[in-house]
Amino acid sequence: MRWLTITTAVLIGVFGLPRSHADPPAHLDGQKIYEQKCVKCHGKDGRGNPEMDVAPLAGEQTLEGLTQAIAETMPEDDPESCVGAEAKAVATYVFRRFFEPPQDQVAGRPKQELARLTVRQYRQAIADLGTEIFGNSQQKLATSDARGLWASYHNHRHLRHDKKVLERIDPVIDFDFGKGSPGEKIGKEEFSIQWHGSLFAPETGEYEIIVHSHNGFRLWLNHPKDALIDAWVRSGDQREHRATVFLVGGRWYPLRIEYFKYKDPAASIQLLWRRPHREPQVIASDYLTPQVGSRVLVVDTPFPPDDRSYGYERGNQVGEGWQRAVLAAALSVAEQVVDAMPQFLKEGRDDPEKVRAFGYRWVRRAFRRPLDDAARRDYVDRFLEGTSDMTVAVKRIVLATLLSPRFLYRETIDDGYDDFDIASRLSFVLWDSIPDPWLLDWAEKGKLRGEENIRRAAERMLQDPRTQSKWGVFCYYWLRLDRFEDITKDTKKYPGFDQQLVTDLRTSLEKFLHRVAWEEEASDFRKLLLSDHWYANARLARWYGGKASSDLEFIWQPVPKPDSAGGVLTHPLLLSGLAYHASSSPIHRGVFVARGILGRRLKVPPVAVAPIPADSKPDWTTRQRIEFQTKPTACRTCHDLINPLGFPLEPFDAAGRFREKENGRPIDASGWLTLASGDKVEFYGPRELAEYLAGSSETHEAFVRQVFHEFVKQPILAFGLDKPDELTRRFVDRGFHIRKLLVDVAVVAALPANQE
Amino acid sequence: MSQKSRREFLRELGVGTAALPFVFNLPSLAGAAEKTTRPKQRLVIMFSPNGVVPPTFWPEKEGEDFELKESLTPLEPFRDRTLILHGVCDKIRGDGDNHMRGIGCLLTGVELFPGNIQGGSHTPAGWSRGISIDQELKKRLQKDPATRTRFGSLEFGVMVPDRADTWTRMVYAGPNQPIAPIDNPYQMFDRLYGQLKVRADLESVLDVVKGDLARIGSALPAEDRQILEAHAEGVRSLEREIAEAQEASSHPVPELEPGVHEKNDQMPKISRMQIDLMVHAFQADFARIATLQYTNSVGQAKMRWIDVPEGHHELSHKPDSDETSQKKLTRINRWFCEQLAYLAKRLAETPEPGGDGSMLDHTTILWTNELGKGNSHTLDNIPFVAVGGGLGWRMGRALKFPKVPHNRLLLAIAEAMGHPMKTFGNPEYCGDGPLTGLV
């Protein structure tokens with residue numbers, strides 16, 4: 001058990017290797033033993049082997065702890081072969097060589113890496129750069145409470161102003177007028193309706209917009225002129241119209257629909273969408289506002305995924321795939337900007353001076369700092385000299401900007417770390433994007449000097465859909481939702497557990513995570529693990545128990561079994577995602593708790609093991625099967641940790657439904673955890689597990705560390721070896737306040753003192 | 001519904017990743033190295049609206065000894081390469097008025113779906129129920145490596161109104177799948193040659209990028225410099241690729257006069273630009289099939305440049321007794337015929353790349369219309385005038401048919417292109433098979 005404390009420590013070291021070490025000490029015995037028994041996995045220089053999931057030997061460790069761990073667990077395939085004096089000798093060697101704190105702490109600690117924008121940051125930055133041409137109404141829409149779409153009804157097949165008989169807000173578009181009229185003073189034979197407002201995209205990805213109608217309509221999304229769907233001509237029995245559109249998450253998109261009926265046998269219109277990884281659903285009013293926002297500049301170019309091997313995206317790959325994507329994306333943006341010239345430059349679109357002014361604005365925003373003469377010349381002026389065709393000049397300004405390292409690299413690449421770097425750091429940490437104009441202005445006026453000013457800026461940036469959207473992304477990875485994008489269950493055992501239900505579970509969890517962090521005053525992290533309430537619509541209430549009357553509306557209510565509640569731990573999306581097709585999986589659940597909540601490091605299983613099929617032991621419980629299968633010594637080092645963290649969740653079946661028995665046998669929900677001190681903590685059932693975890697300092701530090709890495713995308717130790725402790729202490733002192741933690745993280749990341 | 005939005009369209013122009021290879025390389029000429037068993041064949045279908053004035057259009061005499069009436073005089077230089085088909089009728093009925101069916105069933109040979117678009121008479125209708133003959137042939141040509149080209153087909157338009165409805169669409173990729181013609185020459189140019197512009201743009205910006213990468217890299221510690229060096233190497237190889245692609249592609253690229261806006265009075269200019277682009281595209285073997293749609297069914301061009309200030313459709317309703325109007329309508333049709341003749345001339349002047357004779361020897365242009373006659377709205381005697389040798393028909397003749405359904409002509413075109421079919425469109429009108437007497 002004790003060696004797990006090493007791996008926790010090793011995790012700290014994984015972010016960077018100590019660089020300067022004196023020659024290895026000449027403890028020849030230890031060195032020989034190392035070369036014979038350890039090199040195979042740990043490598044000659046202790047760097048480990050990523051393919052075997054062996055982390056580098058580095059980090060904080062005592063000689064005593066190391067000796068004990070080696071004696072008990074090493075070598076992994078034969079722990080008995082290196083004990084006693086031998087263990088001590090090799091431990092001494094390993095400690096001196098790899099773990100002894102170097103004289104110069106700073107030289108040895110992990111460094112910040114030069115990084116390009118991650119894919120998400122690239123798309124967000126382009127969307128914000130787009131406000132230079134389209135304007136920015138995101139804040140205004142985000143703070144408005146109005147939901148639904150504005151509608152005008154006309155007693156004519158054309159949307160004639162003089163035939164307008166009704167204006168109102170429609171919460172959703174889901175109408176079946178049959179053969180009748182949509183309202184008083186409107187005929188049955190012919191009428192028309194216009195809806196407008198904006199649509200919110202919660203996450204980045206491909207959305208399918210689906211309209212069912214018996215009649216003619218056009219739908220515009222994020223473009224004033226080009227319809228996304230033009231079905232003005234109703235033809236034959238075609239009722240369904242679909243179009244796919246890529247949207248950047250956390251933003252509102254202008255939406256307009258024009259609809260008419262003329263002599264058709266029936267009248268209806270229904271507006272649905274299919275969000276990424278979800279089933280088609282009527283667009284609920286939560287995602288609609290009657291206010292018309294400005295357009296968003298969207299890049300839908302596919303990019304190769306970023307490296308997430310350290311648990312957060314690192315912009316460290318600039319290979320051919322990425323370069324081609326950057327090129328294609330730059331061309332796509334240039335095309336869109338040129339296309340929009342008549343709107344944002346108006347009559348000035350043939351005037352070189354207007355174009356020059358635009359260019360300076362655009363480049364300053366993209367480079368996040370004022371331009372010097374060389375930058376003005378290289379990125380703007382020269383393209384105006386070369387041509388009289390202003391579309392060519394604009395295209396080249398945009399292309400050069402977006403291909404420039406000054407845009408593409410996130411961290412400071414000029415000498416020194418100045419006020420503009422502070423602004424950039426804040427905005428990339430909190431928004432994954434470039435600074436807003438006000439933030440650049442603050443930098444220019446020296447209003448970002450000193451911790452208090454930086455904090456003030458971070459607090460102002462907090463209440464922004466971009467920060468909330470990043471919180472959503474953090475949760476997605478923190479809860480490993482990327483691992484179960486496709487959840488299906490045995491239809492005989494779990495009838496009714498279908499993709500619609502899974503889609504509703506996703507919405508339910510999403511709303512919960514948003515509520516705790518952003519809607520509740522306390523913003524209390526512990527509530528994520530302890531809450532006995534959840535969101536359910538009618539479908540979820542029918543299946544899991546609860547009250548709700550509509551599928552479109554999610555009601556905040558007590559979970560079906562409050563005395564077994566554990567916030568996200570017992571949310572059916574996680575419970576069913578961390579389970580097999582027809583049976584629960586304490587191992588998946590235990591691994592999640594160990595890694596995701598406690599931040600412990602686990603290795604991959606030494607051998608591939610197929611789970612014992614449930615039907616081969618029909619009268620055993622899942623727990624019995626797992627205990628039987630993980631009995632071998634090779635399994636114990638990890639499964640002694642994993643299994644007892646998963647067993648307390650056994651009262652929930654593979655679909656996340658509460659159960660008291662399995663195969664006629666009562667559930668045994670006892671579990672435990674061995675701490676670094678060697679003490680054993682015991683708990684019984686989901687509630688006790690959740691309460692333990694919510695109060696554990698291990699959990700708190702793991703959460704802080706993960707938040708820091710997801711938001712900053714640099715190793716926390718690069719900002720000071722004391723930062724994990726310092727941030728965790730503040731987090732605890734301030735009542736586990738999530739939003740305050742985000743501010744603290746941003747401040748630590750942005751302070752010049754931490755930019756060694 | 002598979003109509004393309006402008007955004008999808010832009011993506012196709014070569015700005016999406018999928019299209020990125022075109023930035024660097026044009027696909028090799030299909031015709032250059034191919035071992036052809038058949039000589040290269042091309043088909044152009046040209047459309048003008050609102051019917052013709054029969055007495056100034058149709059020759060009196062049949063056979064080789066025909067005369068070119070006033071509407072057709074521009075074809076004089078190509079008399080022996082012209083074939084005029086009288087008596088071919090659009091027999092398709094069902095929903096929609098004659099203008100709608102006239103254009104919607106012209107190349108599809110099948111009825112329109114019922115729908116919500118109301119014409120001047122009859123019942124409302126939707127889109128066509130079937131694929132059009134040009135797209136059917138394109139599909140077949142694209143399946144065969146010997147006839148496959150970069151685009152397969154190109155859909156040109158001239159002053160087509162910016163709205164998608166039954167009157168503005170002639171070409172269909174399938175039931176309910178109208179294809180919008182591209183009526184902006186610059187857009188068409190981008191589709192054909194966009195990658196050249198992109199290359200020029202990239203060339204002009206890459207040295208700045210390289211300079212910045214080098215300058216910044218020199219100020220960084222070694223481990224951080226690696227990533228910038230890898231980045232710079234990528235930029236250099238991009239530059240090399242562009243240079244190589246530049247050398248490899250030697251297609252003649254047409255020069256377009258800049259700043260021609262889509263305005264009624266620019267129609268003659270736009271027409272020429274589109275025709276020039278089409279000829280260039282054929283020269284590079286980008287496609288073997290093209291359509292060229294002037295305005296739309298019910299089109300309202302005001303041809304002030306030939307002294308006809310009235311809208312075309314409005315004028316086409318005037319009675320036969322209104323001689324002034326009939327004269328104007330004749331002038332309008334003669335103007336369309338001039339466009340046909342200009343296309344024929346350009347093709348005749350251009351030697352067939354890698355083949356014998358001129359490009360006109362390998363191309364048939366078929367000029368047609370949604371109506372036989374404007375003021376009666378008849379679908380009988382739809383004008384079909386063919387010019388050129390692409391289909392291997394015996395030219396230099398005027399033929400009169402006894403009111404045959406136009407489906408049979410569509411079948412004859414398919415047969416002549418080497419893709420015989422038993423039926424096309426509504427089988428009821430395909431009874432006697434492909435129209436005979438053309439070869």
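Proteins get letters first, then strands, A, B, ... in listed order; numbering begins at 1 in each. Treat the numbers as computed from the prediction; the structure is a model and nothing was measured.
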* To do: Can you tell which part of A/E320 gets under 4.5 Å to a heavy atom of chain B, answering side chain, backbone, both or neither?
  => neither

* Structure fact -> Between B/F113 and A/S235, the two heavy atoms sitting closest are CB-OG, 3.2 Å

* How long is the span from the CD atom in A/E190 to the CG atom in B/N116, to the nearest 0.5 Å? -> 11.5 Å

* Asked: Would B/L228 and A/V318 satisfy side chain to side chain contact (heavy atoms under 4.5 Å, CB included), going step by step from the backbone distance to the final call?
  -> CA-CA 8 Å; B/L228 289 181; A/V318 294; over 6 Å; no

* Structure fact -> Heavy atoms of B/S204 and A/R382 approach each other most closely as O-NH1, 3.3 Å

* To do: Answer with side chain, backbone, both or neither: which region of B/L206 has an atom nearer than 4.5 Å to a non-hydrogen atom of chain A?
  => side chain

* Should the pair A/Y409 and B/H231 be assigned to parallel (<30°), tilted (30 to 60°) or perpendicular (>60°) ring geometry? -> tilted

* To do: Name the option with the most non-hydrogen atom pairs under 4.5 Å to chain A; the candidates are B/V209, B/V235, B/T123, B/D162.
  => B/V209

* Side chain / backbone / both / neither for A/D389 at chain B, heavy atoms under 4.5 Å -> neither

* Out of curiosity, B/I117 CD1 to A/K263 NZ, how far, rounded to the nearest 0.5 Å? -> 12.5 Å

* Do you know which two heavy atoms are closest between B/D212 and A/S404, and how far apart they sit? -> OD2-OG, 3.7 Å

* **Side chain / backbone / both / neither for A/D378 at chain B, heavy atoms under 4.5 Å** => both

* To do: Identify which part of B/L213 has an atom lying under 4.5 Å from any heavy atom of chain A, answering side chain, backbone, both or neither.
  => both

* To do: Check the pair B/D201 / A/L331 against side chain to side chain contact (heavy atoms under 4.5 Å, CB included), numbers first and verdict last.
  => CA-CA 10 Å; B/D201 290 334; A/L331 289 166; 5.7 Å; no

* Rounded distance [0.5 Å steps], CG in A/L403 versus NZ in B/K210 -> 13.5 Å

* Asked: What closest approach, in Å, do A/G315 and B/I227 show between heavy atoms, and which atom pair accounts for it?
  -> O-CD1, 3.8 Å

* Asked: Residues two or more places apart in sequence or in another chain: which of them pass side chain to side chain contact (heavy atoms under 4.5 Å, CB included) with A/P254?
  -> A/N222, A/V292, A/R295

* Presence of salt bridge, B/E241 and A/R324, under 4.0 angstrom -> yes

* To do: Using a 4.5 Å cut-off on heavy atoms from C-beta on, say whether the side chain of A/Y379 contacts that of B/V208.
  => yes

* Is chain B contacted by the side chain of A/L408, its backbone, both, or neither, given a heavy-atom distance below 4.5 Å? -> side chain

* **B/D207 portion near chain A, given a 4.5 angstrom heavy-atom threshold** => side chain

* **A/V233: which of B/L112, B/T166, B/N176 passes side-chain contact (heavy atoms from CB on, under 4.5 Å)** => B/T166

* To do: Work out which heavy atom in A/P405 is nearest to a heavy atom in B/I216; give both atom names and the distance.
  => CG-CD1, 4.0 Å

* **Which portion of B/A125 sits near chain A, non-hydrogen atoms under 4.5 angstrom** => backbone

